[in-house]
Number of protein chains: 2
Amino acid sequence: MLELSFNQETVHKLLQASDKPLKAYNILFETQKLGIKSPTQVYRALDKLIELGKVHKIESKNAFVACSKINCSNQNSTFFLICDDCENIIELEDQKITDQLNKTCEKFGSTYKNHTIEISGTCSNCN
Amino acid sequence: MLELSFNQETVHKLLQASDKPLKAYNILFETQKLGIKSPTQVYRALDKLIELGKVHKIESKNAFVACSKINCSNQNSTFFLICDDCENIIELEDQKITDQLNKTCEKFGSTYKNHTIEISGTCSNCN
DNA sequence: TTTAATAATGTAACAATATAACATTACATG
DNA sequence: CATGTAATGTTATATTGTTACATTATTAAA
């Protein structure tokens with residue numbers, strides 16, 4: 001598993017080339033000319049890419065983005081600023097917030113595993 | 001709009017009675033004996049209840065919970081601790097985190113509108 | 001108390017998102 | 001080259017959510 005498979009690579013490249021999150025069936029549509037034929041194939045590739053930390057799911061949009069960071073493996077906690085107008089996504093990391101979420105969990109006797117933070121608003125271009 | 005309609009009330013009560021988030025089609029199934037007949041009706045009731053702040057959607061689960069707070073109107077920012085094992089949900093408010101998210105937005109020239117924070121982990125009962 | 005506006009309903013069809021099941025092929029590695 | 005694991009191909013189906021359109025309540029003024 002050093003290299004991505006053809007389907008994985010195809011989906012990953014498409015996401016990397018996009019400035020917006022893409023939906024699974026848009027990915028399917030876009031990659032059909034490249035040989036991907038069914039939703040299953042798209043979702044399988046996405047699952048693998050997500051597992052590798054190369055792609056993240058935007059839960060509030062049922063859409064997917066390539067990870068914008070370098071060494072992104074093994075991280076399934078995400079933090080996004082999402083522009084309501086242009087759909088632009090900014091991917092963040094914030095240790096302070098992560099720490100605070102951990103503390104909050106402790107306070108409730110819960111054990112923290114991972115988080116999804118999605119802020120919607122308008123980005124600098126759209127303000 | 002002081003009172004909820006029958007469908008709204010029916011869906012709301014079901015959610016309030018539940019200790020777990022419910023999915024739309026579970027709600028449909030459960031309320032069929034009470035007169036609700038189609039997904040549309042469930043989603044319409046949910047939309048209204050969400051608009052009123054009486055129900056929230058758990059984005060990472062496509063499921064819905066009754067708001068656990070008193071004066072909850074007009075708030076579409078949510079913060080949940082979600083137990084992976086028992087699906088128990090704790091609904092939180094944390095002004096410190098909200099402030100920090102606001103600041104983060106400012107730093108990127110973005111305007112904050114609302115947020116979705118979903119932490120998954122295990123709750124005190126399941127630890 | 002009619003009338004007009006708004007909110008909610010009922011019903012059917014459909015669109016969008018995601019998974020299951022099962023047979024097959026590629027490929028690393030011992 | 002045998003064997004196990006990962007990935008693929010294909011079809012069907014399950015789940016989640018929306019559109020469209022006709023109808024009925026409800027409210028609140030004229």
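Labels below follow one simple rule: chain letters A, B, ... track the order of the sequence lines, proteins then strands, and each chain is numbered from 1.
Taking atom CD1 of residue B:I50 and atom C1' of nucleotide D:dT18, one finds them 15 Å apart after rounding to whole Å. When the P atom of D:dT16 is taken as reference, atom CD1 of B:I27 falls 11 Å away, rounded to whole Å. Protein atom CZ of B:F6 is 18 Å distant from nucleotide atom P of D:dT24, rounded to whole Å. For the pair B:E51 CD and C:dA8 C1', the computed distance is 13 Å after rounding to whole Å. Here D:dG9 presents its C1' atom at 6 Å from CD of A:Q41, a figure rounded to the nearest Å. Between the NZ atom of A:K37 and the P atom of C:dT25 there is a distance of 14 Å, given to the nearest Å. Protein atom CG of B:L49 is 13 Å distant from nucleotide atom C1' of C:dA8, rounded to whole Å. As rounded to whole Å, 8 Å separates atom P of D:dG9 from atom CD1 of A:I36.
Looking at A:K23, its side chain does come within 3.5 Å of a backbone N or O of A:K61 through a donor-acceptor pair. Side chain of A:S18 to main chain of A:L14: no donor-acceptor pair is present (N/O by atom type, distance under 3.5 Å, no hydrogens or angles). B:S77 places a side-chain N or O within donor-acceptor distance of the main-chain N or O of B:H115, the cut-off being under 3.5 Å. Side-chain N or O atoms of B:Q16 include none that pairs as donor or acceptor with a backbone N or O of B:A66 at under 3.5 Å. Not one N or O on the side chain of B:E118 forms a donor-acceptor pair closer than 3.5 Å with the backbone of A:T116.
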Apply side chain to side chain contact (heavy atoms under 4.5 Å, CB included) to residues A:L52 and A:L4 and explain how you reach the verdict.
CA-CA 10 Å; A:L52 296 171; A:L4 296 177; 3.6 Å; yes
Under the side chain to side chain contact (heavy atoms under 4.5 Å, CB included) criterion, do A:E93 and A:K69 qualify, and how do the steps go?
CA-CA 10 Å; A:E93 256 177 324; A:K69 290 174 270 157; 3.4 Å; yes
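Listed nucleotides: C:dA8, D:dT10, D:dA7. Nearest to the side chain of A:Q8: D:dA7.
Between its two ends, the helix from C:dT1-D:dA30 to C:dG30-D:dC1 turns its axis by 30°, counting five pairs per end and rounding to 10 degrees.
Between A:K48 and D:dA6, a side-chain N or O to OP1/OP2 separation shorter than 4.0 Å is absent. A close approach under 4.0 Å does not occur between any side-chain nitrogen or oxygen of A:N7 and OP1 or OP2 of D:dA6.
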Would you mind building the protein contact string for nucleotides 16-23 of chain C? One character per nucleotide, 5' to 3', B for base within reach (heavy atoms under 4.0 Å), S for sugar-phosphate only, - for untouched.
-BBBB---
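Residues B:N127 and A:T111 have side chains that bring a donor and an acceptor to within less than 3.5 angstrom of each other.
At the heavy-atom level, B:S38 lies under 4.0 Å from base atoms of the strands shown.
Here B:T40 pairs with nothing under the side chain to side chain donor-acceptor pair (under 3.5 Å) rule; sequence neighbours left out.
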